[in-house]
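For reference, the structure discussed in these notes is given below.
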Number of protein chains: 4
Amino acid sequence: MEESKAEASGARRQPAGRKSQQRVKDILQAGREVFSEKGYERATTAEIAQRLGVSEATVFSYFRGKRELCARVIADWYDEIIAAIETGLPRDGSARQQFAFIVRTHLRLMLVHGTGMCSLVLSEGRAKHHELSAELTALQRRYTAPLMRVLSQGQQAGQIRADFPLRLMRSMVFGPMEHVLWDATLAHRTLDIDGTADRLVDVLWTALQPPAPALDSLTRLKEDVSEAMRRYDTATKKDTHR
Amino acid sequence: MEESKAEASGARRQPAGRKSQQRVKDILQAGREVFSEKGYERATTAEIAQRLGVSEATVFSYFRGKRELCARVIADWYDEIIAAIETGLPRDGSARQQFAFIVRTHLRLMLVHGTGMCSLVLSEGRAKHHELSAELTALQRRYTAPLMRVLSQGQQAGQIRADFPLRLMRSMVFGPMEHVLWDATLAHRTLDIDGTADRLVDVLWTALQPPAPALDSLTRLKEDVSEAMRRYDTATKKDTHR
Amino acid sequence: MEESKAEASGARRQPAGRKSQQRVKDILQAGREVFSEKGYERATTAEIAQRLGVSEATVFSYFRGKRELCARVIADWYDEIIAAIETGLPRDGSARQQFAFIVRTHLRLMLVHGTGMCSLVLSEGRAKHHELSAELTALQRRYTAPLMRVLSQGQQAGQIRADFPLRLMRSMVFGPMEHVLWDATLAHRTLDIDGTADRLVDVLWTALQPPAPALDSLTRLKEDVSEAMRRYDTATKKDTHR
Amino acid sequence: MEESKAEASGARRQPAGRKSQQRVKDILQAGREVFSEKGYERATTAEIAQRLGVSEATVFSYFRGKRELCARVIADWYDEIIAAIETGLPRDGSARQQFAFIVRTHLRLMLVHGTGMCSLVLSEGRAKHHELSAELTALQRRYTAPLMRVLSQGQQAGQIRADFPLRLMRSMVFGPMEHVLWDATLAHRTLDIDGTADRLVDVLWTALQPPAPALDSLTRLKEDVSEAMRRYDTATKKDTHR
DNA sequence: GATGAATGAGATTTCATTCAT
DNA sequence: AATGAATGAAATCTCATTCAT
């Protein structure tokens, strides 16, 4: 995945060698730092070069320009998150487990890279950078795809309310996460990621569920099930005693 | 309110006359437009002046610089929203009504001014503007105060779950709103404000309510069982197909 | 004429004032010098500014960029030559006189401004500068129009051979002039403009004439005419003696 | 001939091997293409190397720098034309035949290599390249030598007018050729080389011949008289119209 | 002998800001 | 009070050229 992108990039000189690939990585790393700290406009190629201890010209011989470097930085960040989600997603787990995994992973990865990347994506995504916006849109689709899938399947299984646009649900999920990160960054406070993730999952899952059915039919169900269990236990004990 | 800020601001020359006050307003208006359209960095003093049909120098005789002008623009925007909320809040209404009012008003005002102002605040708020950040923090506190009050009172009245940090609840409310706006802007689609507000209020209010304990755990039980059944069915089917 | 162009130019700030117009002229003058000495590529905005004793930024506030400045320089040069030709052309003179005027004037003006402008026009005209080439083509048409007119009329009057493409004739006229200038410049020798012009006109006019009619019919003509003259003289003398 | 130049050039490393000589040729070929397409300044060493599929560094190990490479490219071009002229010149033919050969051959060779080389020579020849200008001047002398010889011999044989500086005659010959090429290039039209050459030879040869004195003055006389008549007619007509 | 990699030295261009009038 | 004019400082980007491998 990394390699294919490296070739796709419009570096002035094709970075074939091993050393070259390392340079590309280094520059991307420095770029990610600077862009996410300063935002696209305030970031300067000079600073990116300086952090690496190379000349600006070096940066420009690996990337066509600031714009393209930033595009690659963003794309890589997306790729990482997408890969992490797609790799780790417990496909055999319950819908709730999958949902929880997505939320937790997002929150973690976003925090690892700071809110900088997040805001970078949002800010730069908004402007009309012709070359960029096409790619970004595609990435954003892949990026939210796992959540959308889980939500959609949940709807079909009746676990998630169907009287609600998916698009709005997505905002209900990503919105709070981003806001929580902003909040933490602005207030210079460290975030209890897992605790926050758990709470968010808890409350969001509840919110997304279909309106509760009547209490008594549930109670009846519970009683039926627990009676079934008890009978099963009884039977089992007998077996055990044998 | 306007006056107090005028004094606080570092206008170079005394904004005594009536005409002067109008100039200040005009510049702030033009500034708001340009800053929210372009963002802080991409906005230029030249364009702000040009939209007003005055010279750049004029802008600089009313404001110490671009930075300060932007600060005032942001502050005014906050003031307006805060005023709108505080004025219109149905203090005698139910907690849910107050909550609904806050959400709806926010969504409306944010959309009226475009997401530009919103993103401007977020982006510029993040950077370390020594002079600015103090003011901004204060504004943000006043800005979210009404919501915080409603939530807090709701908790005391038992209408809102108490096992949840207020700060997180705030993110649960503001986060989706901002995300919805971003989404609409990015996708170039017009937003059904009131419909969206209603749905958000509906689902958020439900989510923030204290769980009816019995109901909650029952629901959870039912869900677990039915998911178990489904998995069993799936497994069985696979076997059947063999 | 100068004024209309000044308005048409894309200066960043509209140069309304008198001082501004002078600056525009100054910059154009400096630009003409530098561009014609160094050619487009080797000329730098820094040098243009430096010769005027202003900062580079000043140049850029009167012209959108190097490209545009150069376009204006070229356009002005063309305008001057065109104006000089059109103003001074002896429209009531013989075809040969008009031809001579055009050649002499061109040679003079080209030399006054050095071959730099000439080569600038040729070199830069060749490349595909979208914005420029349209204008340049139009200018070049106006520039060669007087000569073409004279040649065309000469053909109709039978003074200039008609079995020869006009386009090629134009090359026959302008080609040697440019070459002579190159030659002089390269050899660092001062040119005897008027002598050269006379000689060129002489030989070119001969070359462009229709192939000579038979010698004897001309001789017969001469004899007829001279006899007519003689008769006239005789008659006149009689009158004089009265 | 090739070898003598190879030694004269400042190749960094000894171009001893056969392979090396091929490299030099390849680079010169690529250089000629790029320089003539783009001109000296806009040509880049990167592109020259790229067209050959070698690294820039390779180019620099065969030539001291861009400047020197360009000098060699120009020198080679001159050499080719000079050789073609000197080889093919019909020394036993008439003066007119020799003249025609020179014109035709020049036109052909110039067109073969595009006007690029031609303009390259002119543009770059003008600037003050200390190292280059000496060589170039010598080349230019050899380049025009055949024509000069023919003209000079023609003068002595009475076939070409002697009342005319040779230098100017040279401009009369080369000037139109270059102009015709420019014209064709600028107008993106393909040139009928042989037709144009024939016409040029025709008209130029006539022009360069010594005036048949009687014929010449007679022609002039006739012309003057007929023009006088025409003017009279015109004047009369005006009167008539009143 | 060839080259991958790096870079110094510019060039163009932008823009907030100042100041005399 | 308003502004025309000027500019310092910086940012992006280009390219010929060098050198270790």
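Below, read A as the first sequence line, B as the second, and so on, with proteins coming before strands; counting in each chain starts at 1.
- Relative to the side chain of A/S20, the nucleotides F/dA6, F/dA16, E/dA5 differ in distance, and E/dA5 lies closest.
- Between the CD atom of A/E68 and the C1' atom of F/dC13 there is a distance of 13 Å, given to the nearest Å.
- Legend: residues meeting side-chain hydrogen bond (donor to acceptor under 3.5 Å, both in side chains) with C/E56, ordered by chain and number and at least two apart, are C/T45.
- Rounded to whole Å, the distance from CD on A/Q22 to P on E/dA5 is 12 Å.
- A heavy atom closer than 4.0 Å to some atom of DNA chain F occurs in A/A43, A/T44, A/T45, these being the qualifying members of residues 43-54 of chain A.
- Residues passing the side-chain hydrogen bond (donor to acceptor under 3.5 Å, both in side chains) test with B/Q50, sequence neighbours excluded: none.
- Per the geometry, CG belonging to B/D26 stands 16 Å off P belonging to F/dA1, to the nearest Å.
- For E/dT3, one of the phosphate oxygens OP1 or OP2 lies less than 4.0 angstrom from a side-chain nitrogen or oxygen of D/T58.
- Listed by chain and residue number, A/E41, A/R42 satisfy the side-chain contact (heavy atoms from CB on, under 4.5 Å) test with B/E41 (two or more places apart in sequence, or in another chain).
- Atom pair B/I27:CD1 and F/dA2:C1' shows a separation of 11 Å (rounding to whole Å applied).
- A stem is defined here as three or more consecutive Watson-Crick or G-U pairs, each with both distances under 3.5 Å; for DNA chain F these stems are E:2-21 with F:2-21.
- Nearer the 5' end of DNA chain E, as judged by each residue's closest nucleotide, is the contact made by D/A57, out of A/V59 and D/A57.
- DNA chain F is contacted by both D/E41 and C/R23; C/R23 maps to the nucleotide lying nearer its 5′ end (nearest heavy atom per residue).
- Of the candidate nucleotides E/dT7, E/dA2, E/dT18, E/dT18 has the atom lying nearest to any side-chain atom of B/F60.
- In this structure, CZ of B/F63 is placed 18 Å from C1' of E/dT18, rounded to the nearest angstrom.
- Between B/D26 atom CG and B/Y62 atom OH the span is 9.5 Å, to the nearest 0.5 Å.
- Atom CZ in D/R51 sits 4.5 Å away from atom CD in D/E47 (nearest 0.5 Å).
- For C/C70, the side-chain contact (heavy atoms from CB on, under 4.5 Å) partners are C/F35, C/Y40, C/I74, C/L120, not counting sequence neighbours.
- Rounded to whole Å, atom P of E/dG4 lies 14 Å from atom CD of A/Q21.
- One can place NZ of A/K66 at 15 Å from P of E/dT14, the figure rounded to the nearest angstrom.
- Minimum atom distance to the side chain of C/Y62 is reached by F/dA6, of the listed E/dT3, F/dA6, E/dA6.
- The distance from the CG atom of C/L52 to the CD1 atom of C/I48 is 9.0 Å, given to the nearest 0.5 Å.
- With sequence neighbours excluded, the residues forming a side-chain contact (heavy atoms from CB on, under 4.5 Å) with B/Q29 are B/E33, listed by chain and number.
- For A/A57, the side-chain contact (heavy atoms from CB on, under 4.5 Å) partners are A/S55, not counting sequence neighbours.
- Proximity of B/S55 to the phosphate of F/dT3: a side-chain N or O atom is located under 4.0 Å from OP1 or OP2.
- Note that the CZ atom of C/F60 and the CD1 atom of C/I27 stand 10.5 Å from one another [nearest 0.5 Å].
- Counting to the nearest Å, the C1' atom of E/dT17 and the CG atom of B/L69 are 14 Å from each other.
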